[in-house]
Amino acid sequence: MASPLLRLVVLYGGVSAEHDVSCVTAAHVLAAADRSKYDLVPVGITKSGVWLRNDKAIATIGEGGELPDKLEPAGTEVEPLTAIRGDGSSQAVTVVLPLLHGPHGEDGTIQGMLELFKVPYVGAGVLSSAVCMDKAMAKIVAEQSGIPQCRWVQFRDGIDDPREIVSRVVDELGLPVFVKPANLGSSVGITKAHDASEVDKAIDLALRYDDVVIIEEAVTAREVEVAVLGNTAPESSVPGEILPGSEFYDYEDKYVTGAAQLVIPADLPDDVTRDVRELAARAFTALRCAGMARVDFFYEADGRGWLLNEINTIPGFTPASMYPKLWEATGISYPDLIDQLVALALDGHRRRTGFSTEH
C-alpha cells in the first residue's frame, strides 16, 4: 500500500497589520505546491483570531482550479489543535508551513504552540523568531556577534523619557532618520523623518503598532538582500538589489504600486558578492535561524561596506517576492524550494525531539 501523502498545513492571514500580505503569499504557495506529494490543508486566521479550514480552497485545488491572487480566510471554524493535527483519521505525517507575517505569527508565538503540539514546522524556532521579529533585540545580538550595522537608538514607551529622545536622536544620529516599530514588517508604520518635529510625529505613528520604537540613521547606500536556506549548514543565494520607486522601499512600493525594481543578481564585484553571501549565512547562524530567512543589507561602497539591516524569518513568498526569486536565480525553482523547506522542517523536528528528557 502506498504511503499517505504528507499533510502540509498552510497557515495564513493572522491578526497583525501584515494580514493581507500573508493572504497573497498563501494563494501562491498553495498553487505551486506539488499535489502529488502533499495533502494541502489551507487554514486561515481572521483578523480577529478565528481559525478557519478553507474547504473551498481545498476543493478548488483538488479540481485543478485556480485560486484568487489573495486568499481570504474562509470556511469551517476549527480549534487550532484540530486544524493542525486533523481529526485523527489520517496516518500521514503533518508539517506546518506558517505564512503569518508579523506579530502573532513570525514572533515565536505560533512556533511555541507548534512545539507544544509536537508538530514539525517550516522556519525558525521560538527563540530565533522572537529575536529576529524584535528589531531592537536582533540588533543587540548582531552587535554582540560582531556583525556590522548602521547606528541606531531605541525608545521604549513608558520607560524612556519622551522629552529626551528627539534631542538624543538629532545629537547621536543626525538627520534624516528612519523611525519604525520594533515588532513589525512590510514597512508598516515606518517614516523617514527629516527634522525634529517629524521625528516626534514618526514616533507617535510607530507607537500605534508597538511599544518599542527603533530610530536608525539614514544611510546613503545600496539596498541588497540575500536569501538563506538550511539548518545547521545554511546556504546563501546570489544577492539581489532593490531600486525603490519612492523615497524608500515602503509598503506602497512593495505591494501596491510595484514601482520598485528588483535587480537579480545584483551588479557587484565577485569578491563583494562572496563577502555578502558569507555575511548573510553568518548572521543567519548568529541569530539561530532555521529553514529560511531573507537577510537585508545596506552597502556603502565607499564607506563602511556591508551593514546588516534586518533578518526576516518568514519573508514574502509569492513568485514575485525577493526570497523565491533569489533562489530561482541561484538554481532552485519555486516548487523545489517548498520541498526543501519541508525536508528541513522534518530534519529540525527530529533533532529537537531527539534530546533526552532524563536527568
Side-chain angles (χ1 to χ4, degrees), residues 21 24-25 28-29 32-34 97-99 101 106 122-124 128-129 132 138 142 145 147-149 185-187 221-244 249 253-254 260-301 305-345 347-348:
V21 178
V24 173
T25 299
H28 289 282
V29 168
D34 188 341
L97 175 53
L99 299 174
H101 306 301
E106 196 173 352
V122 170
S128 178
S129 296
C132 290
S145 301
I147 297 170
Q149 53 194 336
S186 297
S187 298
R222 296 167 67 178
E223 295 186 52
V224 176
E225 300 180 349
V226 178
V228 182
L229 179 69
N231 286 339
T232 56
E235 298 181 4
S236 54
S237 72
V238 299
E241 183 172 5
I242 297 168
L243 303 178
Y249 194 36
D253 213 359
K254 289 178 180 178
Q261 298 179 50
L262 307 182
V263 181
I264 303 172
D267 184 13
L268 295 164
D270 289 346
D271 60 331
V272 176
T273 294
R274 182 182 62 251
D275 288 347
V276 75
R277 293 180 73 169
E278 291 176 354
L279 188 58
R282 183 176 148 205
F284 183 94
T285 300
L287 278 88
R288 299 191 184 178
C289 298
M292 64 177 172
R294 194 192 71 236
V295 188
D296 302 348
F297 294 95
F298 298 120
Y299 180 54
E300 292 183 340
W306 291 113
L307 302 171
L308 177 67
N309 179 16
E310 62 184 35
I311 299 182
N312 291 273
T313 55
I314 304 183
F317 211 89
T318 73
S321 298
M322 184 65 103
Y323 186 83
K325 286 177 76 71
L326 288 171
W327 280 119
E328 184 178 26
T330 310
I332 302 176
S333 69
Y334 193 86
D336 287 345
L337 184 56
I338 295 172
D339 292 345
Q340 291 203 31
L341 288 170
V342 170
L344 288 166
D347 173 68

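In this chain, residues are counted from 1 in sequence order.
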- Item | Shortest non-hydrogen contact from G291 toward L344 | O-CD1, 3.8 Å
- Please name the pair of heavy atoms, one in W327 and one in S236, separated by the smallest distance, quoted to 0.1 Å. CH2-C, 3.7 Å
- Compare all side-chain heavy atoms of V342 with those of L97 and state whether any distance is below 4.5 angstrom. no
- Please report the C-alpha distance between E223 and D296 in whole Å, then the side-chain angles of each, then the deciding distance to 0.1 Å, and finally whether the side chain to side chain contact (heavy atoms under 4.5 Å, CB included) criterion is met. CA-CA 7 Å; E223 295 186 52; D296 302 348; over 6 Å; no
- Query: What distance do E241 atom CD and Q261 atom CD have between them, rounded to the nearest 0.5 Å?
  - Reply: 10.0 Å
- Would a distance-only check, ignoring hydrogens and angles, find a side-chain to backbone donor-acceptor pair under 3.5 Å from N309 to F298? no
- Item | Whether over 12 other heavy atoms sit under 6.0 Å from E235 CD | no
- Kindly indicate whether the side chain of M322, heavy atoms from C-beta on, has any atom under 4.5 Å from the side chain of R294. yes
- Should I338 and L341 count as side-chain neighbours, where that means a heavy-atom distance under 4.5 Å? no
- Task: Only counting residues at least two apart or in another chain, list the ones meeting ring pair (Phe, Tyr, Trp, His ring centres under 6.0 Å) with Y299.
- Result: W306
- Item | Within 6.0 angstrom of R288 CZ, more than 12 heavy atoms from elsewhere | no
- How many angstroms lie between atom OG1 of T25 and atom CG of L99, to the nearest 0.5 angstrom? 6.0 Å
- Item | Neighbour count above 12 (heavy atom, 6.0 Å) for D270 CG | no
- Are side-chain heavy atoms of Y334 and E328 found at a separation under 4.5 Å? no
- Query: Where do L243 and L262 land on the side chain to side chain contact (heavy atoms under 4.5 Å, CB included) test, with the steps shown first?
  - Reply: CA-CA 6 Å; L243 303 178; L262 307 182; over 6 Å; no
- Which atom names give the shortest non-hydrogen contact between G348 and N231, and what distance separates them? N-ND2, 3.8 Å
- Item | Contact check, side chains of S237 and V228, non-hydrogen atoms, under 4.5 Å | no
- On a heavy-atom basis, the closest approach of A124 and S129 is O-OG, 3.2 Å
- What pair of heavy atoms forms the shortest contact from S128 to L287, and how long is it? OG-O, 2.8 Å
- Side-chain heavy atoms of L308 within contact of V295, under 4.5 Å: yes
- Message: Could you walk me through whether L326 and I264 satisfy the side chain to side chain contact (heavy atoms under 4.5 Å, CB included) test, starting with their C-alpha distance in whole Å, then the side-chain angles of each, then the deciding distance to 0.1 Å, before giving a yes or no?
- Response: CA-CA 7 Å; L326 288 171; I264 303 172; 4.0 Å; yes
- Note, E225 side chain near I242 side chain (heavy atom, < 4.5 Å): yes
- Item | Under 3.5 Å donor-acceptor, R282 side chain and S145 backbone | yes
- Task: Please confirm whether the backbone N or O of H28 pairs with a side-chain atom of T318, one donor and one acceptor, at under 3.5 Å?
- Result: no
- Message: Could you check whether any side-chain N or O of H101 sits under 3.5 Å from a backbone N or O of I314, counting only pairs where one atom can act as donor and the other as acceptor?
- Response: yes
- Query: Is there a donor-acceptor pair under 3.5 Å between the side chain of T285 and the backbone N or O of A281?
  - Reply: yes
- Message: Could you check whether any side-chain N or O of N312 sits under 3.5 Å from a backbone N or O of A293, counting only pairs where one atom can act as donor and the other as acceptor?
- Response: no
- Taking the side chain as every heavy atom from C-beta outward, state whether L279 and F297 have any atom pair closer than 4.5 Å. yes
- Does the pair Y323 and L229 meet the rule for a side chain to side chain contact (heavy atoms under 4.5 Å, CB included), with working shown? CA-CA 10 Å; Y323 186 83; L229 179 69; 3.8 Å; yes
